[in-house]
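Heavy-atom basis, side chains included; hydrogens, waters and symmetry copies ignored. Quantities reported herein were computed from a predicted structural model and do not represent experimental measurements. Numbers here simply count residues along the sequence, with the first being 1.
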Amino acid sequence: MDVSVKNLRKEFDLYPALNDVSLDIHSGELIALLGPSGSGKTTLLRLIAGLEQPTRGSIFFGAEDASHRTVQERHVGFVFQHYALFRHMTVADNIAFGLTVRPRGERPPKAEIRRRVGDLLEMVQLSGLEKRYPNQLSGGQRQRVALARAMAIEPKVLLLDEPFGALDAKVRKELRRWLREFHDRTGHTTVFVTHDQEEALELADRVVVMSQGAIEQVGSSDDVYDRPNSPFVFSFIGDSASLPATVEQDTVRFRDTPIGIVPRQSDIAAGAGTLFFRPQDVTLVTDATAPALEGRIVSSRRLAGTRIADIDIGGADEPHHVEIEVPLDAQAANGTAIRFRPTRWKLFGA
């Protein structure tokens with residue numbers, strides 16, 4: 001089922017939580033809505049679900065305008081961060097709930113409900129636990145029950161709001177892999193909200209990066225990480241360093257000093273801007289005559305197979321700190337002079 005959001009606006013007490021948002025979600029896609037708190041990602045999910053009504057704009061399910069249809073009429077499955085399971089019901093009864101409360105004419109026979117519950121328990125790898133209650137399950141198991149309950153109604157679209165946010169890091173990692181495999185088996189159009197960059201980049205077919213009620217960029221994990229289209233996306237996705245720079249005579253300068261990189265056609269042509277690069281995308285420069293950024297190591301820390309150094313490239317009168325990766329065997333004592341230049345970067349205009 002394709003989902004299209006067109007020029008969507010949502011106001012709360014005249015405050016625009018979403019402002020003119022448009023997005024096309026293709027049938028069978030796994031889409032991540034990624035952004036900081038207050039970016040509008042959960043509001044967008046709730047509008048797609050029908051839990052909120054738009055101030056302006058339209059939401060289409062396929063060719064049908066579903067903007068003012070109820071949750072039930074939209075036929076969506078919704079999974080909440082904190083499971084929202086019924087504590088007094090068994091696992092089987094929780095999963096069957098959406099089917100048993102349907103009007104009598106639309107309710108499947110009891111035998112069909114039992115069969116569907118059994119199939120879903122097998123699909124979410126919880127067979128044999130159907131008689132347990134939620135308080136007898138782990139957090140990861142509860143979340144899988146919540147997903148099975150959402151799937152029981154055979155939804156057109158599956159929506160997940162921070163589905164792993166209440167779980168510890170190890171369980172989150174396991175469930176991420178499981179959800180991707182689950183999605184690939186079922187092929188549902190799936191939209192999930194997260195503030196976890198790693199989760200979005202690992203799971204999603206496309207990532208929708210949001211900020212202040214608007215969409216900043218939509219693309220694959222490679223697109224948003226390797227080809228960010230704005231300072232916000234570059235600084236939000238992954239670690240990054242930034243510094244004020246100017247482009248003069250086809251040379252990038254920091255504080256009037258060439259740093260050894262040449263702007264590309266896609267960069268600003270001339271004038272002031274901001275240079276962004278990632279800590280791992282640098283090379284150390286040992287030639288004292290070659291143009292480079294230079295400074296002194298303020299501190300360093302071991303990170304797995306590399307070392308992260310905090311470099312002051314500004315000086316005593318006006319410090320400017322950036323973090324870069326340096327080899328484990330590099331001299332990294334506090335106060336050590338160091339010269340480096342970015343190997344991959346992006347220039348944005350002022």
Side-chain angles (χ1 to χ4, degrees), residues 196-198 200-202 209 217 219-350:
D196 186 322
Q197 302 165 25
E198 184 180 327
L201 296 177
E202 179 182 339
V209 185
Q217 185 172 354
S220 68
S221 298
D222 289 344
D223 287 334
V224 297
Y225 187 86
D226 294 328
R227 295 173 288 279
N229 66 359
S230 71
F232 172 81
V233 176
F234 207 123
S235 58
F236 183 72
I237 304 288
D239 295 327
S240 65
S242 65
L243 58 133
T246 54
V247 177
E248 294 179 16
Q249 299 174 341
D250 292 330
T251 300
V252 180
R253 299 169 180 265
F254 173 64
R255 296 186 176 174
D256 295 326
T257 302
I259 61 175
I261 61 177
V262 177
R264 299 165 297 234
Q265 261 191 334
S266 58
D267 293 323
I268 57 174
T274 304
L275 179 70
F276 284 84
F277 57 91
R278 305 211 181 272
Q280 68 272 20
D281 293 333
V282 300
T283 184
L284 299 186
V285 178
T286 56
D287 182 354
T289 63
L293 288 161
E294 53 185 65
R296 293 192 176 274
I297 295 177
V298 177
S299 63
S300 67
R301 65 186 188 277
R302 174 73 180 263
L303 183 64
T306 189
R307 191 179 302 280
I308 304 296
D310 177 10
I311 316 292
D312 179 8
I313 59 173
D317 54 337
E318 194 177 345
H320 190 102
H321 290 242
V322 295
E323 286 193 339
I324 66 169
E325 285 189 15
V326 297
L328 288 178
D329 58 357
Q331 293 292 325
N334 291 1
T336 301
I338 190 168
R339 307 181 82 247
F340 65 95
R341 75 168 66 100
T343 55
R344 298 179 67 188
W345 70 90
K346 179 72 175 176
L347 268 167
F348 293 101

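How far CD1 of I311 is from CD of E294: 12.0 Å, rounded to the nearest 0.5 Å. Once rounded to the nearest 0.5 Å, the distance linking CG of L284 with CZ of R341 reads 10.5 Å. Atom-to-atom distance recorded for H321:NE2 and L243:CG is 13.0 Å, nearest 0.5 angstrom. Considering CG of L293 and CD1 of I261, their distance stands at 7.5 Å, rounded to 0.5 Å. Between atom CD1 of residue I259 and atom CD1 of residue I313 there is a gap of 8.0 Å, rounded to the nearest 0.5 Å. Here CG of D310 is found 5.5 Å from CD of E323. Values are rounded to the nearest 0.5 Å.
The ring-ring contact (aromatic ring centres under 6.0 Å, His included) pairs that include a residue from residues 270-295 are F234-F276, F276-F348, where partners are two or more places apart or lie in different chains.
For the salt bridge (charged side-chain N to carboxylate O under 4.0 Å, His left out) with D226, the qualifying choice from R344, K346, R278 is R344, the only one to do so.
By the side-chain contact (heavy atoms from CB on, under 4.5 Å) test, D250 is found to be paired with no residue, residues two or more places apart in sequence or in another chain being considered. Scanning for side-chain hydrogen bond (donor to acceptor under 3.5 Å, both in side chains) contacts around D256 gives an empty result, with sequence neighbours left out. Remark: E198 engages K173, R176 in a salt bridge (Lys or Arg N to Asp or Glu O under 4.0 Å) (not counting sequence neighbours). For T283, there are no side-chain hydrogen bond (donor to acceptor under 3.5 Å, both in side chains) partners at least two apart in sequence or on another chain. Residues meeting the side-chain hydrogen bond (donor to acceptor under 3.5 Å, both in side chains) test with D281, sequence neighbours left out: none. Partners of F232 under the ring-ring contact (aromatic ring centres under 6.0 Å, His included) rule, at least two apart in sequence or in another chain, are F236. R253 pairs by the side-chain contact (heavy atoms from CB on, under 4.5 Å) definition with T246, E248, Q249, T251, P258, not counting sequence neighbours. Take D287 and apply the side-chain contact (heavy atoms from CB on, under 4.5 Å) test, not counting sequence neighbours, and it matches T289, A290. Residues satisfying the side-chain contact (heavy atoms from CB on, under 4.5 Å) criterion with R227, sequence neighbours excluded, are D222, D223. For Q197, there are no side-chain hydrogen bond (donor to acceptor under 3.5 Å, both in side chains) partners, not counting sequence neighbours.
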Quick one: side chains of residues 327-336, donor-acceptor pairs under 3.5 Å with protein atoms, not counting sequence neighbours, listed by atom name and distance.
from	atom 1	to	atom 2	distance (Å)
N334	ND2	V298	O	3.3
T336	OG1	A333	N	3.4
T336	OG1	A333	O	2.7

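The backbone N or O of P319 lies less than 3.5 Å from no partner atom in the side chain of D312, so there is not a single donor-acceptor pair. Counting only distance, with no hydrogens or angles, the side chain of R339 and the backbone of G295 share no donor-acceptor pair below 3.5 Å.
Here the closest non-hydrogen pair linking A200 and S221 is O-OG, 4.2 Å. Of all the heavy atoms in S235 and S240, the pair that sits closest is CA-OG, 3.4 Å.
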Next item on the list: For the pair E325 and V282, evaluate side-chain contact (heavy atoms from CB on, under 4.5 Å) and give the outcome as yes or no after the intermediate values.
Entry: CA-CA 8 Å; E325 285 189 15; V282 300; 5.6 Å; no
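Looking only at side-chain heavy atoms (C-beta outward), V224 and L201 come within less than 4.5 Å of each other. Taking 4.5 Å as the limit, some side-chain heavy atom of V247 sits within range of a side-chain heavy atom of L347.
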